[in-house]
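Working notes, beginning with the structure itself.
Note on naming: letters A, B, ... go to the chains in the order of the sequence lines (proteins, then strands), and numbering restarts at 1 for each one. Predicted model only: the values in this text are computed from it and were never measured.
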Protein chains: 2
Amino acid sequence: MGRWQSDSRGRLQEAALALYAARGFDQTTAAEIAARAGVTERTFFRHFADKREVLFGGSDLLQEQIVTGVVQAPGEWGAFDAVAAGLDAAAAMLGELRRDLSRRRQAVIAANPELREREMAKLADYATAVAVALHQRGVGEPQASLAALAGMTVLRVALDLWASGSDERDLPTVMRESLAELRAVTAGD
Amino acid sequence: MGRWQSDSRGRLQEAALALYAARGFDQTTAAEIAARAGVTERTFFRHFADKREVLFGGSDLLQEQIVTGVVQAPGEWGAFDAVAAGLDAAAAMLGELRRDLSRRRQAVIAANPELREREMAKLADYATAVAVALHQRGVGEPQASLAALAGMTVLRVALDLWASGSDERDLPTVMRESLAELRAVTAGD
DNA sequence: AGCCGTGATGTCAGTTACAGACATCACCCT
DNA sequence: AGGGTGATGTCTGTAACTGACATCACGGCT
């Protein structure tokens, strides 16, 4: 908690989400977001590298969760089972969020190509980190990258399903179900 | 073949690749690329939506190839087998390119986060198109999205392997091998 | 041959996303 | 009470795009 007016960063995130949802991403300027949060444009860019990043606040934490899940999986488990453990950890963390907020956020992201681009980039980053963790478990290439990327595919699809509202079950359940579906699909149908 | 000095677009692509490789992506301005190609900055942005897009020239064609491959796969094949047919088509097309050029291009992309972001976005677009094609074959959700995204994972890994040079076999072979590896990894190790 | 439509390009001006340099100022520690 | 620190404001600059308008080579039509 800073010594200034509390939590500029958090207020910027809320302001951005509200404005992106109301006017759309490109119709919103960084200066407008800053004004709504009661700070300067310069302060916005000190907290977030660019206009998109403001929507991806907790992504570092999430990556940590996933990697930790992979690392802590029993050593005798196969590569993809370890990734599945990482996905469980991710689901546990994301499932804590208020579902309406997640829905709102996902809707904003889905509505804009640049934001979708950033989301894919985040998933690719997670996959890279997961692949590194798999290497430390003795998994080679290209198996590590394939397992990691396949896992991120499951994460994306499950999150879409959960946040888009067609599926009312909780996130960990949807995640496990999606993973089973991927296994079935690649097995040969 | 335009009626003007031939192929501004092509010259812009070459100029961009050369400059990005030499100075790096952010150290290169659109004006510099345009100057090297003998046109104006404005012309650059008429041919390419943004600075990154100039490196992804044939992506529309590639998407067409992939989708066509999926659509033309025998109707009784499963979802992932149809995707595999699309990957064969992609490998056939990409394999035609001069390998040193592909290597050069991949190296430039790998060196810059924004370009990697765009590459992931392209793959996501292909996946969306493939999922639509799968729907028309009667595949439901989330199976279609999972199969399509898993396929794009294989494409990415195989392309990296091929272009990064550690694997000297031809692209269709590397692609099929990677697909087999994914099947093995998700099957349970 | 001469006129005319068309599409690719040049020119110009404007908006906005970002980034560096420097000043400020509330808070904490001593 | 005074100095250090980190978050913020201010000012200024670069470069990625974008819209509006002029131009001009070419190909077709008469």
Side-chain angles (χ1 to χ4, degrees), chain A residues 1-20 22-57 60 108-109 111-119 121-122, chain B residues 1-20 22-57 60 108-109 111-119 121-122:
Chain A
M1 303 311 166
R3 30 213 147 179
W4 295 88
Q5 48 177 339
S6 60
D7 202 18
S8 303
R9 186 184 174 88
R11 271 180 298 121
L12 281 167
Q13 288 171 331
E14 288 172 29
L17 182 57
L19 289 175
Y20 290 170
R23 307 187 196 170
F25 178 77
D26 355 83
Q27 270 59 53
T28 306
T29 75
E32 287 168 345
I33 300 171
R36 181 185 244 254
V39 293
T40 313
E41 188 188 2
R42 192 68 183 86
T43 293
F44 177 93
F45 286 111
R46 269 197 272 259
H47 282 287
F48 305 100
D50 58 54
K51 249 180 84 181
R52 309 175 210 172
E53 201 63 19
V54 68
L55 285 183
F56 299 87
D60 284 355
V108 168
I109 293 174
N112 187 280
E114 299 178 55
L115 292 172
R116 275 184 268 127
E117 205 172 351
R118 177 57 51 87
E119 194 184 28
K122 291 290 179 191
Chain B
M1 300 302 190
R3 31 209 146 179
W4 295 86
Q5 47 178 337
S6 60
D7 201 20
S8 301
R9 187 184 174 87
R11 269 179 299 120
L12 282 167
Q13 289 172 330
E14 289 172 30
L17 181 57
L19 289 175
Y20 290 170
R23 308 186 195 170
F25 177 77
D26 357 81
Q27 269 58 53
T28 306
T29 75
E32 288 168 346
I33 300 171
R36 181 185 243 254
V39 294
T40 312
E41 187 188 3
R42 191 69 183 86
T43 293
F44 177 93
F45 286 110
R46 269 198 271 261
H47 281 288
F48 305 100
D50 59 53
K51 246 181 87 181
R52 309 174 210 172
E53 201 63 19
V54 67
L55 285 183
F56 299 87
D60 284 355
V108 168
I109 293 174
N112 188 278
E114 299 179 56
L115 292 172
R116 274 184 270 128
E117 206 172 350
R118 176 58 50 86
E119 194 185 30
K122 292 288 178 190

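- Each of Thr28(B) and Thr40(A) has a nearest nucleotide on DNA chain D; the 5'-most of these lies closest to Thr40(A).
- Summarising the geometry, the separation between CZ on Phe45(A) and C1' on dA16(D) is reported as 13 Å, rounded to the nearest angstrom.
- Rounded to a whole Å, the CD atom of Glu41(A) is 8 Å from the C1' atom of dT16(C).
- Glu32(A) places its CD atom 14 Å from the P atom of dT15(C), with the value rounded to the nearest Å.
- When all heavy atoms of Gln13(B) and Gly57(B) are compared, the pair lying nearest together is NE2-CA, 3.6 Å.
- Applying the 4.0 Å criterion to OP1 and OP2 of dT8(D), one finds that Ser8(A) has a side-chain N or O inside that range.
- Leu12(B) and Thr43(B) get closest at one heavy-atom pair: CD1-O, 4.5 Å.
- Counting to the nearest Å, the P atom of dA17(C) and the CZ atom of Phe48(A) are 15 Å from each other.
- Closest contact between the side chain of Val39(A) and the listed nucleotides dG10(C), dG9(D), dC18(C) involves dG9(D).
- Distance CG (Leu19(B)) to P (dA15(D)): 14 Å, rounded to an integer number of Å.
- The listed nucleotides are dT11(C), dT10(D), dC17(D); the one nearest the side chain of Arg42(A) is dT10(D).
- For the pair Thr29(A) and His47(B), both in contact range of DNA chain C, the more 5′-proximal nearest nucleotide belongs to His47(B).
- No hydrogens or angles were tested; on distance alone, a donor-acceptor pair under 3.5 Å links the side chain of Arg46(A) to the base of dG9(D).
- One atom, CG of Asp50(A), and another, C1' of dC17(D), lie 16 Å apart when rounded to the nearest Å.
- Between Glu32(B) and Arg23(B), at least one side-chain N (NZ, or NE/NH1/NH2) sits under 4.0 Å from a carboxylate O, which counts as a salt bridge.
- Atom CZ in Arg52(A) sits roughly 12 Å away from atom C1' in dC18(C) (whole-Å rounding).
- Minimum heavy-atom separation, Tyr20(B) to Val108(B): CB-CG1, 3.7 Å.
- Residue Thr43(A) has no polar side-chain atom (N or O) positioned under 4.0 Å from OP1 or OP2 of dA7(D).
- A salt bridge links Glu53(B) to Lys122(B): at least one charged side-chain nitrogen sits closer than 4.0 Å to a carboxylate oxygen.
- As a whole-Å value, the separation of Lys51(B) NZ from dT16(C) P is 21 Å.
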